[in-house]
Structures are given as C-alpha cells and as structure tokens.
Amino acid sequence: MASIHTQAIESISRAFNILHYEKCESYLLFRGETSLGDGFRAFLYFLGLAYCFIGLSAITARFFRSMENVVKHSRKVVEIDPVTKAEVVRYEKVWNYAIADIALLAFGTSFPQISLATIDAIRSIGNLYAGGLGPGTLVGSAAFDLFPIHAVCVVVPKAGELKKISDIGVWLVELFWSFWAYVWLYIILEVWTPNVITFWEALLTVLQYGLLLIHAYAQDKRWPYLSLPIARTERPEDWVPQETTSCKDENCDYDECSEILQLGEDENRGVVDIFSIHSPNGAVTSPLYQKVPGSEDVAEISKESFREEINSELPHVHALWKQQFVDSIALESPESRKMNNIYLRLARIFWQSLLVPWRVLFAFVPPYHIAHGWIAFICSLIFISGIAYIVTKLTDIISCVTGINAYVIAFTALASGTSWPDLVASKIAAERQITADSAIANITCSNSVNIYVGIGIPWLIDTAYNFIVYKEPLRVQNAEGLSFSLLVFFCTSVGCIAVLVLRRLTLGAELGGPKLWAWVTSVYFMLLWIIFVVLSSLKVSGII
C-alpha cells in the first residue's frame with residue numbers, strides 16, 4: 001500500500017515537475033525577469049495573460065461592429081413587374097441566415113482561438129512535431145462553448161420565459177457536423193494514421209468546413225435530397241426586439257443619432273448588436289446603426305439617391321475617427337455620472353482606467369461604417385492576431401516557470417479566455433432574440449469551426465511544408481492525451497444534447513423556463529465541464 005502511495009506522489013511530482021526542474025531562462029520583455037522569484041514571475045505572467053484576455057474582449061467588440069456592417073451590405077436587384085412590366089429596383093441582404101451564423105458569427109467569435117492556433121503552427125513550422133498549444137486550446141474551447149455557455153444561456157431568459165429553436169432542421173445539420181468534427185479528428189489521430197497527420201488528412205479537414213456551409217444552406221433553402229424534411233417554425237416578424245433609443249426625438253435618423261453616440265456611450269457596454277442580421281426584412285432595428293434599405297421596406301429606390309446617402313456620411317469620417325480617441329480616454333459615461341452609489345461609480349472608473357491603454361490602441365481602427373466595415377474588419381483581425389501572439393508567448397513562459405503542462409493551461413485558462421467572445425455573443429442572443437436559434441447555433445457552429453478551420457488550417461500549413469521539404473508527415477505530440485480528451489468530450493456532449501432534447505420534449509423549449517429547472521440544468525452543464533477539464537488535465541499530465 002505504501003509503495004502505491006509513493007508511486008502516486010512520484011507520478012504527480014513528475015507530471016507537474018514541481019520537485020526538480022531547471023530554472024526557466026525564458027522571458028517576455030527583459031532578461032532581468034529571470035532574476036525574479038518563480039512564484040512572483042508566474043503571478044505577473046498570469047496577470048499579463050488576464051490583461052490580454054481583456055484586450056481580446058475589447059477588440060472583439062469592434063470586430064463585431066465591423067462584422068455587423070459587413071452583414072448589412074445590400075445588393076441591387078432589378079425585377080420586372082409581371083403586371084405593369086415596369087422595372088422595380090430593390091436592395092436585398094447579401095447574407096443568408098444560416099450562412100451568416102456559420103461563416104461570420106461562429107467564425108468571428110472563434111477567431112481568437114484560430115489565430116492562436118495558426119501562430120502556434122507558424123512558430124513550429126519546419127518541425128516534424130506539431131505544436132500542442134493550438135489543438136489543446138481549441139478542444140478545450142469546444143468544451144467551454146458547449147457546457148459553460150449553455151449553462152449561462154439557459155438561465156438568461158426571464159423567469160418562465162421559453163425560447164426554442166425555430167429551425168430544427170438547420171440546427172440538426174449544424175449539430176451533425178459538430179459531432180462529426182470530433183469523430184473525424186479521432187479517426188485521423190488514432191485509426192488511419194495513428195499519431196501522424198498527413199497532408200491529405202489536413203486538407204480534407206479544411207474542406208469539410210465548406211461542406212458544412214453547403215449543407216446548412218441547402219437545409220435552409222430546403223433543397224431536395226440534401227435537406228431534412230422538417231418544417232420550419234414561422235420566423236417572427238421582429239427577429240430582434242427593437243431596443244429603446246437614447247435619442248429624445250423618436251424620429252431621429254442616422255445623422256441625428258450619430259455614430260459618435262455609438263462610439264461613446266455604447267462603447268462602454270462593450271457589446272454590439274451583431275444579431276440585427278436576423279431581421280427578416282433586412283432592416284436594422286436599432287436606431288444606433290446606419291439604415292440600409294431592406295428588401296421589403298424599399299420596393300423602389302434610385303441608384304442616385306442611394307449614392308447621395310453614402311456620400312453625405314463621408315464628411316463625418318474624420319470627426320468620427322477623432323471622436324474614437326476622445327472616447328477612449330473618457331473614464332466616465334453619462335450613465336455612470338448618474339450613479340448614486342459612490343463605490344460602484346469608483347469601481348467603474350477603476351475598470352475604465354484599466355481599459356484605457358487597450359481603447360487608445362484600438363482607436364486606430366478606422367470607423368467601422370467605412371467601406372461596409374471591411375477596413376475595420378481587417379484591422380481588427382490584425383490586432384487580434386497580435387494579442388494572440390503575446391498570449392502564446394506568455395503561455396510558454398508560464399509553463400516553463402511553473403512546470404505545468406502546456407496542455408493543462410490550454411484546456412483551462414486559454415480555452416476560457418479566448419472563448420469569452422463566444423459567451424458574450426450567445427448571451428446577447430439568448431437575451432434579445434425571440435428564438436434560441438443564434439444563441440445555440442453559435443455554440444454548435446463554433447465547435448465545428450474550431451476543428452475544420454482552427455485545427456485544419458494550422459495542420460495544413462505544417463503538413464504542406466513537411467510534405468514539400470522533408471517528404472514526411474506531421475507527427476502529433478501527446479496524441480494519446482488529445483484523443484482521450486476527444487472521447488471524454490464526445491461522451492459528455494451526448495449528455496448535454498440529451499438534456500436539451502429532454503427540455504424540448506417536456507418544457508417545449510431549450511432555453512429558459514421555470515427558474516428552478518433552468519438553474520438545475522445550468523449546474524448540470526457546469527458539472528460536465530468540470531468532468532472534462534479534470535479528466536483531460538490528469539491524462540495529459542500522465543497521472544491517469
């Protein structure tokens with residue numbers, strides 16, 4: 001019995017490298033960091049990691065705004081009226097509901113993880129072994145998306161309010177591809193070429209993201225032979241409930257309710273109405289956003305008037321960009337000045353002061369209504385990639401200083417921090433949308449994006465290089481631990497989806513309902529996440 005106890009202690013000590021490890025000589029900024037105590041260094045690096053996550057949340061808010069403007073883009077459609085034979089010019093949205101959820105919402109919220117994994121792959125290019133930080137973060141992020149985010153969304157609706165998925169067919173398609181992504185990853189890791197990734201396996205992984213988009217679009221359009229024969233519940237007229245405007249005049253237009261208000265007061269909230277893309281007629285319901293002609297509201301509009309509307313906004317570009325810098329250093333908003341509680345007001349000022357460096361930096365991102373938001377979109381991606389690079393450096397140093405396996409940090413800290421945009425997006429959808437479609441679609445689609453794009457593209461980069469230069473495949477370090485995590489995730493995810501189906505059959509909706517049952521469901525989802533994290537961490541650390 002004593003020998004078993006001794007072996008267990010030695011296993012734990014060896015796994016976390018606590019008793020014997022060489023002093024870490026890696027540093028972030030200055031070589032003098034190595035002269036500090038390891039405990040103090042680890043504390044500082046964890047603070048830096050947390051501050052980077054705050055920066056990711058801040059830039060992701062701007063990323064969402066630019067993405068929302070991209071989605072609002074309309075195209076001109078000329079039709080012939082069958083009765084009068086006259087030309088009817090209208091503008092309709094470019095983006096389809098399902099494609100917008102998968103290609104923009106899910107991809108946008110998953111971009112921090114994708115960027116981190118891609119940077120990790122580029123750093124290890126030329127090596128025969130793949131970096132483990134990216135895959136570990138993405139699998140851990142998938143678990144965070146499925147369990148904690150569901151746990152939050154299920155309790156967000158008001159007591160007794162039920163929100164269900166209106167298009168079960170599209171959700172089932174997204175769910176199938178989400179589950180298949182992890183089955184596929186296990187197959188290529190353990191069945192076809194154990195512990196090795198070939199160029200063709202990586203290429204097939206990326207191509208399956210395209211198949212997901214095609215299948216979801218086919219289901220949304222109810223293409224024969226490619227869609228499930230499931231009727232879609234009638235979409236509500238107002239997909240997103242209209243928010244109350246802060247303008248005193250109810251009839252204020254875009255120039256009166258200027259973007260300065262959105263950049264100022266709305267910036268402090270740190271969120272954006274990215275879900276206005278689901279307005280069925282293509283119109284933006286919130287008066288804080290630029291009005292774009294919808295497919296139903298505007299039946300006939302001239303090209304000249306549309307150009308005049310755009311040109312009238314161009315003189316405001318410099319003023320808006322200047323206002324971004326002014327707002328970035330403002331520590332109080334009009335709402336905070338009205339607070340009676342001095343402690344809450346001071347706490348908010350302190351929080352805003354922490355955000356000032358990030359807000360000043362991100363103020364260099366051009367106003368996101370320029371060029372339909374594409375310039376701000378690209379600039380935001382550059383900033384996100386830069387922060388992701390710093391996160392990878394900090395993670396390596398933390399693993400070096402503490403001796404904790406990098407996979408464990410990826411499953412826990414990195415996965416939770418980089419998945420914060422997913423949590424914010426799904427929570428907003430669960431609060432504001434009449435249905436649960438986008439809140440749950442963001443979760444399931446993000447899991448698919450994590451595998452097909454987040455793991456597929458980094459592996460494709462490394463395998464292509466190895467195939468061309470070395471004629472060798474890419475080997476995966478600790479593939480056994482990653483495969484074990486996939487099995488645990490698959491088993492726990494079945495339990496999660498089973499509860500959602502049970503809620504649909506008993507309560508009639510996936511989200512909301514009686515508060516007691518909503519909280520019971522939420523606690524159950526959190527327990528599933530804890531089981532995944534604990535078992536995965538113990539496995540990759542060599543304890544089990």
If you look at every heavy atom in [X] and [Y], which pair is closest and at what distance?
X      : Y      : result
Val206 : Ile457 : CG2-N, 3.7 Å
Ala388 : Ser115 : CB-OG, 3.6 Å
Lys163 : Pro157 : CD-CG, 4.2 Å
Phe525 : Ala151 : CD1-N, 3.7 Å

Next on the checklist: Can you see whether Trp177 engages Gln208 through a side-chain donor-acceptor pair at a distance of less than 3.5 angstrom?
Outcome noted: no

Checklist entry - Side-chain donor-acceptor pair under 3.5 Å between Ser178 and Thr444, yes or no? => result no

Checklist entry - Do any N or O atoms from the side chain of Ser522 and from the backbone of Trp519 form a donor-acceptor pair under 3.5 angstrom? => result no

Item to check | Main-chain N/O of Leu211 paired with His215 side-chain donor or acceptor, under 3.5 Å | outcome: no

Checklist entry - Is the distance between the ring centroids of Trp358 and Tyr51 under 6.0 Å? => result yes

Inter-residue atom distance [X].[atom1] - [Y].[atom2], 0.5 Å rounding:
X      : Y      : atom1 : atom2 : value
Ile443 : Ser448 : CD1   : OG    : 12.0 Å
Ile530 : Leu535 : CD1   : CG    : 11.5 Å
Ile461 : Asp120 : CD1   : CG    : 11.0 Å
Leu56  : Phe111 : CG    : CZ    : 10.5 Å
Ile119 : Ile114 : CD1   : CD1   : 12.0 Å
Thr137 : Leu116 : OG1   : CG    : 5.0 Å

Checklist entry - Checking side-chain hydrogen bond (donor to acceptor under 3.5 Å, both in side chains) for the pair Thr205/Trp184: CA distance, chi angles, key distance, verdict? => result CA-CA 8 Å; Thr205 302; Trp184 166 257; 2.8 Å; yes

Item to check | Identified side-chain hydrogen bond (donor to acceptor under 3.5 Å, both in side chains) counterpart of Ser141 within the set Ser110, Ser416, Ser446, Ser419 | outcome: Ser419

Next on the checklist: With a 6.0 Å cut-off (strictly less than), is the heavy-atom count around NZ of Lys539, excluding the residue itself, greater than 12?
Outcome noted: yes

Checklist entry - Does atom OH of Tyr389 have more than 12 heavy-atom neighbours from other groups under 6.0 Å away? => result no

Next on the checklist: Using salt bridge (Lys or Arg N to Asp or Glu O under 4.0 Å), reason through Glu510 and Arg504 one step at a time and then give a plain yes or no.
Outcome noted: CA-CA 5 Å; Glu510 291 79 13; Arg504 179 65 178 246; 2.9 Å; yes

